[in-house]
There are 2 protein chains.
Amino acid sequence: MSERRPQSDMTREVELLWELRGTARRGPKPKLSREAVIRAAVTVADAEGLEGVSMQRVAGELGFTTMSLYRHVDSKEDLLVLMVDAAMAQDPPEPRADADWRAGIGEWVAGVHGIYRRHPWVVFAAVFGPPLGPNGLRWMEAALRELVRSGLNTGEAVQVLMTISSVVRDTCRIEFDMRRAAEAAGATLAEHERAHALSLSRVVAPERFPTIAAMLDDGVMAAGPGEATTPTEDMSFSLERILDGVELYVERQGRAPAPPAPR
Amino acid sequence: MSERRPQSDMTREVELLWELRGTARRGPKPKLSREAVIRAAVTVADAEGLEGVSMQRVAGELGFTTMSLYRHVDSKEDLLVLMVDAAMAQDPPEPRADADWRAGIGEWVAGVHGIYRRHPWVVFAAVFGPPLGPNGLRWMEAALRELVRSGLNTGEAVQVLMTISSVVRDTCRIEFDMRRAAEAAGATLAEHERAHALSLSRVVAPERFPTIAAMLDDGVMAAGPGEATTPTEDMSFSLERILDGVELYVERQGRAPAPPAPR
DNA sequence: CTAGATATGTGTATGATCTAAACTAATTCG
DNA sequence: CGAATTAGTTTAGATCATACACATATCTAG
């Protein structure tokens, strides 16, 4: 009935990301490659954000026609999926010799955060679902490896990883978005936060929104000039709570974290 | 310099959501209203998802021309912001008499989850940043009210709320996305999960991805026929860990949760 | 070595989409 | 009443993804 290919079929996505396809032998040698297309697209996104990434723009970057891209990528949506995995090409942190899984997760989060800072568009990409590409899976493996060390089983570790990933991504989303808005208005992030808190306080009636009003009074959204806590700095509070919760759970279950590797 | 209006200026967004604008008195009586436009857009989104929401489609729903919408809404992006707030019109849970803040958060999460189930497109809307509209703020207030009861200060409560919101939204995103893909393939969610696990297992080499491989062996992604745990059911594990972490933190700080309201 | 098969990149075209701008008609204030 | 103002319409433009037919380069079977 429906001729339309489903928007995101995981099986198809896996094949896409792992290039499980026969390579052609007949015809002219390709001057362009999927790799080059992805690289160009990432370059454009790094420079101009996701809005800048159009098929024409990417093709122009490469000096080819728009339609040439479709020889190497089935659709723009596919290209986006590939871009996101490509952005994670950096190596995730190695396992720690001291088996300190909390520190390990800290390094992992710092690594992801670094990727997001280098490629801010990644957090805005409409790519849902778990990672499926080679790079995404390497990062997933690195995080799960630390989490199971804490004493969680694999299913629990996946849940906790999803939580951590969500927090990091969402926090960066908010920070990057606010930073962009601030820059567009020609202000610093802190100035923008102040302005925002002010405009909020105009509609937050203390009777209807007592807690939010208290929060604004406490200057939560707008730190003083010197302090200037960015959302990403605040993030560590949530992360510590999550890891505390994990630790407590493992203890209560009578399990124990894995000992350091013997030398 | 830049003539372009910033994509998301919070101050502007607050004004938008709270309709801080003078009402006209001259000219013909409006037959359309912002309210009607939003309602129609939400109807379309409920029925066909966000992809179905085009200005022409919404206008058609109302029996007006496409351009008529622009008298009541500045841009499609604005409409989206308004739609998201409109979807949260339902009342958040009341404060509990027993002051059990963990149960309170549980009710809040259930409420948000209900909204997402009724309006699945909300979790896919490209609306970043904290809630700013009347309904979004009511829900935020309800959650913060419970969280500060636990003994957190307002800043900490905001952090924890962001974490909880992220988890709920991301979990629903994944579930809805997978459900859509499953339906498109004419399968159930469980079948689809199995198929996905299978295709993953083809690329997950146990040497490179030992933990993920173990996870697949444990059947984490594909529960047995009878069990069929949905992502949203698994979510509660993460939530309990977060709340455990909060409780532990409050204790360690020597603070205490608020007692039940005196009668 | 040649001829058909096949893949590459190009040119052209289509349909969707958002939205700017000029226009018509209704309404109200002075 | 008449000028000002506003609602909805018409028309048109810009951008975008992508389908399709084509010329051309390369490989492989005979």
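The shown structure was predicted, so the numbers you read here are calculated from the model rather than taken from an experiment.
Checking the phosphate oxygens (OP1, OP2) of C/dG9, no side-chain nitrogen or oxygen of A/Ser68 falls inside 4.0 Å. A close approach under 4.0 Å does not occur between any side-chain nitrogen or oxygen of A/His72 and OP1 or OP2 of C/dT8. Regarding contacts with the backbone of D/dA17, a side-chain N or O of A/Gln56 is found under 4.0 angstrom from either OP1 or OP2.
One atom, CG of B/Leu50, and another, P of C/dT17, lie 14 Å apart when rounded to the nearest Å. Between the P atom of C/dC18 and the OH atom of B/Tyr70 lies a distance of 6 Å, rounded to the nearest Å. Straight-line distance from the CG atom of A/Leu69 to the C1' atom of C/dT8: 13 Å, rounded to whole Å. Going from atom CZ of A/Arg34 over to atom C1' of C/dA7 covers 15 Å, rounded to whole Å. Atoms CG (B/Leu62) and C1' (D/dT9) sit 15 Å apart, rounded to a whole Å. Nucleotide D/dC20 holds its P atom 13 Å from the CZ atom of A/Arg71, rounded to whole Å. Rounding to whole angstrom units, CZ of residue B/Arg57 and P of C/dC18 are separated by 12 Å. Per the geometry, CE belonging to A/Met55 stands 15 Å off C1' belonging to C/dT10, to the nearest Å.
With ring centers used as reference points, B/Phe176 lies 6.0 Å or more from A/Phe128.
Side chain of B/Trp139 to main chain of B/Met88: a donor-acceptor pair is present (N/O by atom type, distance under 3.5 Å, no hydrogens or angles). Checked by atom type and distance alone, the side chain of A/Arg71 never pairs as donor or acceptor with a backbone atom of A/Leu32 at under 3.5 Å.
Residues B/Pro28 and A/Pro30 both approach DNA chain C. Their nearest nucleotides, taken by heavy-atom distance, put A/Pro30 toward the 5′ side. Between A/Lys76 and B/Lys31, the residue anchored nearer the 5' end of DNA chain D, judged by the nucleotide with its closest heavy atom, is B/Lys31.
Considering B/Leu16, B/Val42, B/Val37 as possible partners of B/Leu82, the one that fulfils the side chain to side chain contact (heavy atoms under 4.5 Å, CB included) test is B/Leu16.
Within 4.0 Å of A/Phe64, counting heavy atoms only, lie sugar-phosphate atoms of the nucleic acid but no base atom. As judged by a 4.0 angstrom heavy-atom cut-off over every strand, B/Met67 is placed among the base-contacting residues.
Between B/Asp46 and B/Arg118 there is no salt bridge, since no side-chain N of the basic residue sits under 4.0 Å from a carboxylate O of the acidic one. Between A/Arg57 and A/Glu61, at least one side-chain N (NZ, or NE/NH1/NH2) sits under 4.0 Å from a carboxylate O, which counts as a salt bridge.
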Carefully, step by step, assess A/Ser238 and B/Thr163 under the rule side-chain hydrogen bond (donor to acceptor under 3.5 Å, both in side chains). CA-CA 7 Å; A/Ser238 305; B/Thr163 303; 3.0 Å; yes

For nucleotides 28-30 of chain C, give me every protein contact, N/O to N/O, under 3.5 Å, one pair per line with atom names.
from, atom 1, to, atom 2, distance (Å)
C/dC29, O4', B/Arg26, NH1, 2.9

